[in-house]
Protein chains: 4
Amino acid sequence: MGVKERRALEKELRRNQILDAARKLLFETGMKAISINKIAQEAELGVGTIYFYYKNKEEIFAALQEEGLKLLYAKIENIYQNKKKPDKKLKEMGTAYLQFSEDRKDYFDIISYFLSSSEVIFPLNLKTQIDLSGNKILSLISSTIDDGIKAGIFKAVNSRRFSIMFWGTVHGLVQFKKLKNTILNGENHNEIYQYSIDSLIDGLYSK
Amino acid sequence: MGVKERRALEKELRRNQILDAARKLLFETGMKAISINKIAQEAELGVGTIYFYYKNKEEIFAALQEEGLKLLYAKIENIYQNKKKPDKKLKEMGTAYLQFSEDRKDYFDIISYFLSSSEVIFPLNLKTQIDLSGNKILSLISSTIDDGIKAGIFKAVNSRRFSIMFWGTVHGLVQFKKLKNTILNGENHNEIYQYSIDSLIDGLYSK
Amino acid sequence: MGVKERRALEKELRRNQILDAARKLLFETGMKAISINKIAQEAELGVGTIYFYYKNKEEIFAALQEEGLKLLYAKIENIYQNKKKPDKKLKEMGTAYLQFSEDRKDYFDIISYFLSSSEVIFPLNLKTQIDLSGNKILSLISSTIDDGIKAGIFKAVNSRRFSIMFWGTVHGLVQFKKLKNTILNGENHNEIYQYSIDSLIDGLYSK
Amino acid sequence: MGVKERRALEKELRRNQILDAARKLLFETGMKAISINKIAQEAELGVGTIYFYYKNKEEIFAALQEEGLKLLYAKIENIYQNKKKPDKKLKEMGTAYLQFSEDRKDYFDIISYFLSSSEVIFPLNLKTQIDLSGNKILSLISSTIDDGIKAGIFKAVNSRRFSIMFWGTVHGLVQFKKLKNTILNGENHNEIYQYSIDSLIDGLYSK
DNA sequence: CATGAATGAGCATTCATTCAT
DNA sequence: TATGAATGAATGCTCATTCAT
């Protein structure tokens with residue numbers, strides 16, 4: 001192994017060390033409580049060092065977001081790999097998203113943060129990363145739909161487009177959970193959520 | 001006009017003056033940059049005065065959110081009042097939401113903020129206000145669907161439930177606009193958005 | 001009743017109304033949390049009104065302190081009136097002070113506040129009031145000692161001087177209770193307290 | 001001297017610089033007027049820097065208190081080391097406390113503050129420090145009494161317990177000095193103070 | 001590469017007091 | 001008398017970022 005490779009490896013290790021600390025803080029105290037100083041302390045590194053490996057706090061958040069997306073991908077992948085029918089799978093994928101927002105609230109928060117905060121514009125390299133992670137998830141949904149089309153149970157829709165609609169819908173509905181005590185008052189959020197997924201899938205069936 | 005009434009009027013004016021300042025700041029610099037001190041400066045009032053009229057920062061945000069919801073309501077109401085068919089109206093309502101998120105980015109941000117920020121939980125009095133504003137909008141959608149059902153062009157769905165799904169979907173999809181340069185790469189967000197609304201409405205038609 | 005008297009009476013009533021509010025806040029939330037605004041709110045009066053009846057916050061505190069001293073006086077008086085022997089009474093008075101500091105922590109705090117805060121210099125009228133209240137308590141101790149001297153069980157000490165020493169000692173020792181987890185570690189504060197009173201009284205006995 | 005040692009030294013210097021500023025403020029304006037911002041200004045440092053060296057305001061106060069206790073210790077130690085008899089020493093120690101409260105009013109205030117303010121409870125680490133400083137002083141008093149017992153001039157009392165009573169008494173009486181214009185009116189505080197110490201010591205003599 | 005000391009603007013909030021009505 | 005709106009300095013504290021070593 002050459003010097004260059006070793007260097008690159010060490011760099012990656014340090015980046016992970018920092019991410020480990022940030023993740024720990026994210027889990028334990030939530031996004032709001034994360035500061036570079038705290039990450040440095042947790043990682044047993046100098047603050048300056050953090051800045052050497054990450055341009056700023058947002059870049060660390062972005063890395064965590066990617067982790068979250070990967071985790072989500074694993075969940076969806078798992079469903080994709082099972083032997084059930086495409087419509088069943090889609091349903092499970094939708095349900096999984098709600099569950100993910102509850103089980104991995106931390107990661108979900110950070111994903112939502114980037115989605116709803118209007119200010120952040122990603123530098124190109126981050127863009128590419130997220131692109132990849134997000135696209136992979138989307139592809140799973142897409143493939144599931146394609147499978148359904150091929151199997152003849154779904155009509156021939158633009159599967160990519162439908163996937164985006166699918167994800168957009170569930171993402172919006174998950175956020176509406178916050179309204180369960182206000183606007184949803186009386187309505188059962190979970191039922192609405194399931195109903196919505198069902199409706200979406202219903203729209204897919206070939207007559 | 002008695003002294004009391006004048007007083008009450010002046011009080012209301014001051015509250016508006018503060019809100020004007022907060023709104024201006026929201027427009028110009030975004031949510032992140034709003035602080036009580038800045039609002040006070042902008043409103044040419046002492047900080048203490050702000051606290052005399054609003055219990056805390058969140059109350060101001062909530063007031064702005066309500067403004068936003070009212071504005072949105074007006075838009076939707078306008079559509080509801082026109083003579084078009086329910087399906088056409090629904091379509092327009094969906095489109096209006098996307099447009100609202102662009103035209104009144106500021107208000108949309110603040111609505112999204114409360115929807116996605118996990119920390120904030122409204123005290124009861126604010127809850128009630130928002131409840132009202134949000135519900136009114138939902139009712140318009142709901143009524144439109146009911147009208148369609150009555151007219152026989154929509155099948156008999158639970159209109160309230162469908163409204164929530166409708167709003168949830170468009171809300172989620174609007175947020176996905178941020179991804180137009182990453183995940184959506186190549187896809188036209190607007191087309192997907194319109195496609196999604198169409199799909200939703202399609203699901204409503206009686207066969 | 002002339003106009004003047006009525007006026008004076010009403011003034012006294014208002015002052016009491018304010019004191020009632022302040023006392024309530026003192027009990028419920030402690031000294032630190034008392035502000036003129038809160039007192040005004042509690043008393044259902046304007047802030048300005050408070051300032052009309054009391055020059056400043058400290059004057060209200062002083063009035064509360066006097067209340068506390070009167071309460072303490074009542075306790076000591078009660079002991080003084082019983083039929084026990086002077087040495088027994090003294091012992092009970094000492095014990096009562098410790099108990100007062102626990103039972104009426106609120107009042108005790110305010111008394112301590114004025115005693116340990118170096119800044120406050122009382123205006124003459126307050127000085128006179130406190131003089132009176134404090135002196136009355138001291139007189140009870142003094143009289144108890146005098147009774148003991150007359151009865152021949154105490155030697156002929158300067159009873160006033162001894163009273164001050166007595167009160168000073170117990171006051172100092174009560175404060176040391178705070179140290180029970182640090183300096184007193186292992187020692188039982190109450191035992192030391194009782195031991196100290198006993199020692200003081202021991203010093204009084206005629207041989 | 002290595003870099004590390006120099007660094008550590010500089011850090012200690014900064015901590016002192018901050019303490020110097022705080023002490024100066026304490027001397028000149030009293031406890032009430034001390035704020036972190038003022039300390040920073042006085043020390044010609046940024047506010048953040050203060051927080052870099054001290055976790056919070058209370059830690060600075062505690063450090064000052066410890067200084068005060070050390071100073072007091074030195075005074076008492078000085079007396080302890082002289083060749084006089086134990087009873088004479090005790091008398092001098094008591095007198096020294098009153099003098100300390102006058103000469104080093106600032107330090108005495110801060111000691112009293114922590115003793116009488118009901119709110120502050122020290123975190124463990126600070127507790128331990130104060131424990132030490134306070135205990136050392138107590139030990140000197142205690143040893144003096146033990147010496148007296150050994151020498152046969154004092155009777156066999158529990159010296160630790162007596163020390164606490166001794167300190168408690170003088171501490172309480174010092175505070176009563178504030179009352180010299182009110183309750184003590186006419187009485188000479190110093191005489192009472194001396195009388196009290198004498199009485200305490202009298203109680204120690206073996207018959 | 002790595003450090004960590006230093007910064008200072010910034011934060012939300014409180015509060016005694018004033019004063020025109 | 002009584003009000004209560006208005007003030008603005010002040011509070012303790014945080015934090016992203018810089019930079020000399």
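Sequence lines set the chain letters: A, B, ... in the order given, protein chains first and strands last, and positions in each chain run from 1.
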(request) Taking only the side-chain nitrogens and oxygens of A:Ser35, find out if one of them lies under 4.0 Å from OP1 or OP2 of F:dT14. (result) no
(request) Using salt bridge (Lys or Arg N to Asp or Glu O under 4.0 Å) as the criterion, list what pairs up with A:Lys24, not counting sequence neighbours. (result) A:Glu28, A:Glu42
(request) Under 4.0 Å from any atom of DNA chain F, heavy atoms only: list the residues of residues 16-25 of chain D that qualify, in numerical order. (result) none
(message) Can you pull out every salt bridge (Lys or Arg N to Asp or Glu O under 4.0 Å) where at least one residue sits in residues 44-53 of chain A? Sequence neighbours excluded, please.
(response) none
(message) I'd like to know if the side chain of C:Arg15 and the backbone of C:Tyr53 have a donor-acceptor N/O pair within less than 3.5 Å.
(response) yes
(request) Applying side chain to side chain contact (heavy atoms under 4.5 Å, CB included), name anything that partners B:Ile111, two or more places apart in sequence or on another chain. (result) B:Gln65, B:Leu69, B:Phe100
(message) According to side-chain hydrogen bond (donor to acceptor under 3.5 Å, both in side chains), who are the partners of C:Thr49, at least two apart in sequence or on a separate chain?
(response) none
(message) Using a 4.0 Å heavy-atom cut-off, does A:Ile34 contact any base of the nucleic acid, only the sugar-phosphate backbone, or nothing at all?
(response) sugar-phosphate
(request) Measure the distance from CZ on D:Phe52 to P on E:dG4 and round it to the nearest whole Å. (result) 8 Å
Do any N or O atoms of the protein come closer than 3.5 Å to N or O atoms of nucleotides 17-20 of chain E, and which pairs are they?
from	atom 1	to	atom 2	distance (Å)
E:dT17	OP2	C:Tyr51	OH	3.2

(message) If you define the side chain from C-beta out and look only at heavy atoms, does anything of C:Tyr113 sit under 4.5 Å from C:Glu58?
(response) yes
(message) Nearest whole Å is fine: how far is F:dG4 P from C:Leu45 CG?
(response) 9 Å
(message) Using whole Å, what does the distance between atom P of nucleotide E:dC1 and atom CG of A:Leu13 come to?
(response) 13 Å
(message) Checking the side chain of B:Gln17 only, and the main-chain atoms of B:Leu13 only, is there a donor and an acceptor separated by less than 3.5 Å?
(response) no
(request) Using whole Å, report how far NZ of C:Lys32 lies from C1' of E:dT13. (result) 16 Å
(request) Measure from NZ on D:Lys38 to P on F:dA10 and round the result to the nearest Å. (result) 7 Å
(request) Could you pull out all residues at least two apart from B:Ala33 that satisfy side chain to side chain contact (heavy atoms under 4.5 Å, CB included)? (result) B:Thr29, B:Lys38
(message) Heavy-atom nearest nucleotide on DNA chain F for C:Lys11 versus B:Lys11: which residue maps closer to 5'?
(response) C:Lys11
(message) Using the side-chain hydrogen bond (donor to acceptor under 3.5 Å, both in side chains) criterion, which residues pair with C:Gln41? Sequence neighbours excluded.
(response) none
(request) Name all residues meeting the ring pair (Phe, Tyr, Trp, His ring centres under 6.0 Å) criterion together with A:Phe52; count only those two or more places apart in sequence or in a different chain, and write none if there are none. (result) none
(message) Counting Watson-Crick and G-U wobble pairs with both distances under 3.5 Å, what is the dot-bracket string for DNA chain F, 5' to 3', using [ ] for crossing pairs and | for pairs to another strand?
(response) .||||||||||||||||||||
(message) Using whole Å, what does the distance between atom C1' of nucleotide F:dA16 and atom OH of A:Tyr53 come to?
(response) 20 Å
(request) For E:dC1 and F:dT21, measure between their P atoms and round to the nearest Å. (result) 22 Å
(request) Could you check how far CZ of A:Arg14 sits from C1' of E:dT3, rounded to whole Å? (result) 11 Å
(request) Let me know, please, whether C:Thr49 or D:Ala33 comes out on the 5' side of the other along DNA chain F by nearest nucleotide. (result) C:Thr49
(request) For B:Arg23, enumerate each residue passing the salt bridge (Lys or Arg N to Asp or Glu O under 4.0 Å) test, keeping only those at least two apart in sequence or located in another chain. (result) B:Asp20, B:Glu67
(message) Just to be sure I understand the rule, does B:Ile39 reach a base, reach only the sugar-phosphate, or reach nothing, if contact means heavy atoms closer than 4.0 Å?
(response) nothing
(request) Take the protein atom OH of D:Tyr54 and the nucleotide atom P of F:dG12, then report the distance between them rounded to whole Å. (result) 16 Å
(message) If the cut-off is 4.0 Å, is B:Arg7 near the phosphate of F:dT3, judged by side-chain N/O to OP1 or OP2?
(response) no
(request) Could I get the full list of side-chain hydrogen bond (donor to acceptor under 3.5 Å, both in side chains) partners for C:Gln175, not counting sequence neighbours? (result) C:His171, D:Gln175
